[in-house]
Amino acid sequence: MAEATVVKNAGSHFLLSRLPEWELFPAVLRGRVRLEHGSSTNPVAVGDRVRCSVGELLDETHPAVITEVLPRRNYLIRRSTNLSRQSHVIAANLDQVLVTVSLYFPEIKLPFLDRILVTCEVYGIPAVILLNKVDMYGSEAPEQVEEFVRIYSQAGYEVVRTSAIAGEGIARVRELCRGRLSLLTGESGVGKSSLIKAVDPCLNPKTGLISEAHLQGRHTTSLYEMYRMNLDGGGYLIDAPGLRGFGLVDMEKEEIYRYFPEMLRVADQCRFVPCTHTHEPGCAVKAAVDEGLISPERYNSYLGMLEDDRKFR
Ligand code: GDP
Ligand code: ZN
């Protein structure tokens, strides 16, 4: 028996490596493991540490057999739709999520970003925002950019201004990635692939680093794949392209505010417990919005999530 980490998941086939070694070998799942985890469509996800049998020869016809998934430090889940009961584990054991947005083409959609940030808070995974394509304006940032940075810095998130083309902020992204397992997400077109290439020129996510030969043309179109970054101190990156919001996980509407760090900070001063922070007198969250300590944009995202919650329950 050996322990290894899942670096790619293509249907029922997996590629594993015994990190920090980067020697990939194929694996399959033993039927019983499949049944042990609840409602998720994939009991084993990229980033999972697993126990597996290893034979003398590991190839397509003699894959390792995964016998056990070791306890996860954390994981990210996506529900297919808000109504769906089925969930899909995106990745496990993450150190951070890098959420990429771009100012133009596509422009930032704050409620979309906030949903991703809330999901990260729910699962206790630190999130950093990469504001890409900052080369698209001159030396003076438009008011919109300053506003964006202000809103999210105030909420407690680091915002890194990046340009995959001009190189701005790339050193900081590299530093963030060093020695960590990161998940990179964001809408299609924001520049995730370009950023990966800028951070580590050896990687080319559009083609995939991991040889498809390993999986011999089988169903290789898996969404999530881990890359090893060529950085001092190592680092691994999971590219989660085109994720359209994770879909909020099951949570009571009374607890949604907990996943807005700036609301959580003041909510213990609300006069009523519980407080929905909508209409209650003496609400510290509303007071903070009035005083400009919580941005109206973030507060509106919160109200939107409360609404959705009503719609879908
Ligand atoms: P992905 O879909 O998120 O992987 O985005 P891509 O990396 O494929 O980039 C989408 C488009 O945005 C491409 O045309 C890139 O050349 C462009 N792009 C990516 N990063 C930047 C940037 O920092 N500045 C500018 N001006 N364009 C960028
Ligand atoms: Zn309140």
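Because the structure is predicted, anything quoted here is derived from the model rather than measured. Read the numbers this way: they start at 1 and go in the same order the structure lists the ligands and their atoms.
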Show which atoms of ligand 1 fall inside a sub-4.0 Å distance from at least one heavy-atom site of S194. 6 (P), 7 (O), 9 (O), 15 (C), 19 (C), 20 (N)
Would you name the heavy atoms of L103 and L131 that are closest together and state the gap between them? N-CD1, 4.2 Å
Counting heavy atoms only, which of E168, R161, K192, K133 comes nearest to atom 1 (P) of ligand 1? K192
How are the rings of Y123 and Y75 set to each other: parallel, tilted or perpendicular (split at 30° and 60°)? tilted
Could you tell me whether M136 and ligand 1 have an N or O pair separated by under 3.5 Å? no
Strictly under 4.0 Å, does any heavy atom of G189 approach an atom of ligand 1? yes
Backbone or side chain, does any N or O of V134 fall under 3.5 Å from an N or O of ligand 1? no
Got more than 12 heavy atoms from elsewhere within 6.0 Å of CZ, R258? no
With under 30° as parallel and over 60° as perpendicular, where do the rings of Y157 and Y152 fit, or are they tilted in between? tilted
Given that the side chain starts at C-beta and the backbone is N, CA, C, O, which of these parts of N132 lies under 4.0 Å from ligand 1, counting heavy atoms, or is it both or neither? side chain
Would you call R161-E146 a salt bridge at under 4.0 Å N-O? yes
For Y104, I'd like to know if atom OH has over 12 heavy atoms of other residues, nucleotides or ligands within 6.0 Å. yes
Check this for me: R18, atom CZ, are more than 12 non-hydrogen atoms of other residues, nucleotides or ligands nearer than 6.0 Å? no
In ligand 1, the atoms that come under 4.0 Å of a heavy atom of A164 are 20 (N), 22 (C), 23 (O)
Work out the angle at the Zn ion (ligand 2) between SG of C283 and SG of C270, rounded to 10°. 110°
Can you name the N/O/S atom of H277 that is nearest the Zn ion (ligand 2)? ND1
